[in-house]
Amino acid sequence: MAFLMKSMLSNQVKNLGLGGGGEESKEETTPSDPAAAAGMTREEYEEYQKQMVEEKMERDAAFVQKKAERACLRVHLREKYRLPKSELDENQIQMAGDDVDLPEDLQKMVAEDQVEEEDKDSILGQLQNIQNMDMDAIKEKAQATFTEIKQAAEQKCCVM
């Protein structure tokens with residue numbers, strides 16, 4: 001309770017201007033120049049600021065480049081799987097300067113996928129798929145189709 005009374009009374013006294021002199025001396029000792037506050041000369045501080053701006057610009061450029069690479073990958077996948085295009089991805093690629101390629105790791109992955117697809121499309125790939133097929137189901141389907149065609153022909157042709 002005593003603490004509460006003391007803090008309330010001291011705040012009221014400071015507001016009246018009777019004891020706030022200690023704070024004014026602190027404000028006078030702090031330098032208004034940011035270079036002096038950092039312990040540098042004016043030229044050093046300006047050079048430091050230039051370096052900070054350059055590093056920020058480099059980081060931003062690298063970030064835009066990464067975003068464009070990701071957008072390029074998404075565009076590639078959309079083309080591959082015939083999905084609708086995204087204007088956002090196209091805008092990101094254009095912001096990076098249209099000279100964006102997939103990163104090397106992703107290019108290797110895409111190349112491996114293309115090789116696998118080419119293998120599946122080749123004759124050897126089809127032969128491997130034949131081994132995995134159910135021949136009995138294929139025979140039944142072929143016989144059913146043949147009988148349907150035969151019945152349709154008998155109905156249309158009076159000779160048969």
Side-chain angles (χ1 to χ4, degrees), residues 3-4 7-8 10-11 14-15 20-150 152:
F3 173 75
L4 182 62
S7 65
M8 287 176 53
S10 64
N11 285 338
K14 287 179 185 176
N15 288 339
E23 291 180 10
E24 291 176 11
S25 64
K26 287 181 184 178
E27 291 178 7
E28 292 174 5
T29 60
T30 57
S32 61
D33 188 22
M40 299 181 214
T41 64
R42 188 76 170 146
E43 295 81 25
E44 289 174 340
Y45 186 73
E46 288 175 2
E47 183 65 29
Y48 174 73
Q49 289 296 325
K50 285 181 186 177
Q51 287 176 350
M52 295 299 289
V53 169
E54 289 174 2
E55 288 175 5
K56 184 180 183 326
M57 289 174 59
E58 289 174 6
R59 286 193 309 271
D60 290 344
F63 180 68
V64 168
Q65 181 70 22
K66 288 287 185 187
K67 283 178 69 173
E69 288 175 355
R70 292 182 192 121
C72 186
L73 176 66
R74 287 191 297 269
V75 167
H76 175 76
L77 290 173
R78 283 191 176 101
E79 288 174 0
K80 179 179 177 181
Y81 295 110
R82 297 182 187 101
L83 298 173
K85 294 182 179 180
S86 170
E87 291 182 22
L88 178 65
D89 289 340
E90 293 173 3
N91 291 341
Q92 287 178 348
I93 292 171
Q94 288 176 355
M95 286 175 51
D98 285 337
D99 59 342
V100 179
D101 290 328
L102 292 175
E104 291 180 22
D105 297 339
L106 296 176
Q107 285 178 350
K108 289 177 185 176
M109 290 171 55
V110 169
E112 290 173 2
D113 288 346
Q114 287 177 347
V115 168
E116 288 177 10
E117 288 179 11
E118 289 173 0
D119 288 344
K120 288 180 183 177
D121 291 339
S122 69
I123 294 173
L124 294 175
Q126 295 298 328
L127 289 175
Q128 290 174 351
N129 286 340
I130 289 175
Q131 293 174 353
N132 297 335
M133 288 185 193
D134 185 16
M135 293 304 286
D136 293 332
I138 293 172
K139 284 180 185 177
E140 289 174 10
K141 190 173 182 179
Q143 287 176 349
T145 305
F146 180 73
T147 56
E148 287 176 13
I149 293 172
K150 186 176 178 182

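Every heavy atom of this structure was used, including side-chain atoms; hydrogens, water molecules and symmetry mates were not.
Once rounded to the nearest 0.5 Å, the distance linking CZ of F63 with NZ of K56 reads 11.0 Å. Going from atom CD of Q94 over to atom CD of E87 covers 10.0 Å, rounded to the nearest 0.5 Å. The distance from atom CZ of R74 to atom CD1 of I93, rounded to the nearest 0.5 Å, is 8.5 Å.
Evaluated for a side chain to side chain donor-acceptor pair (under 3.5 Å) with D89, the options R78, K67, R70 yield exactly one hit, R78.
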Using distance only, find each side-chain donor-acceptor pair of residues 43-55 under 3.5 Å and give its atom names and separation, not counting sequence neighbours.
residue: E44; atom: OE1; partner: T41; partner atom: N; Å: 3.1
residue: Y45; atom: OH; partner: Q49; partner atom: NE2; Å: 3.3

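In the displayed structure, K80 atom NZ is contacted under 6.0 Å by more than 12 heavy atoms of other residues, nucleotides or ligands.
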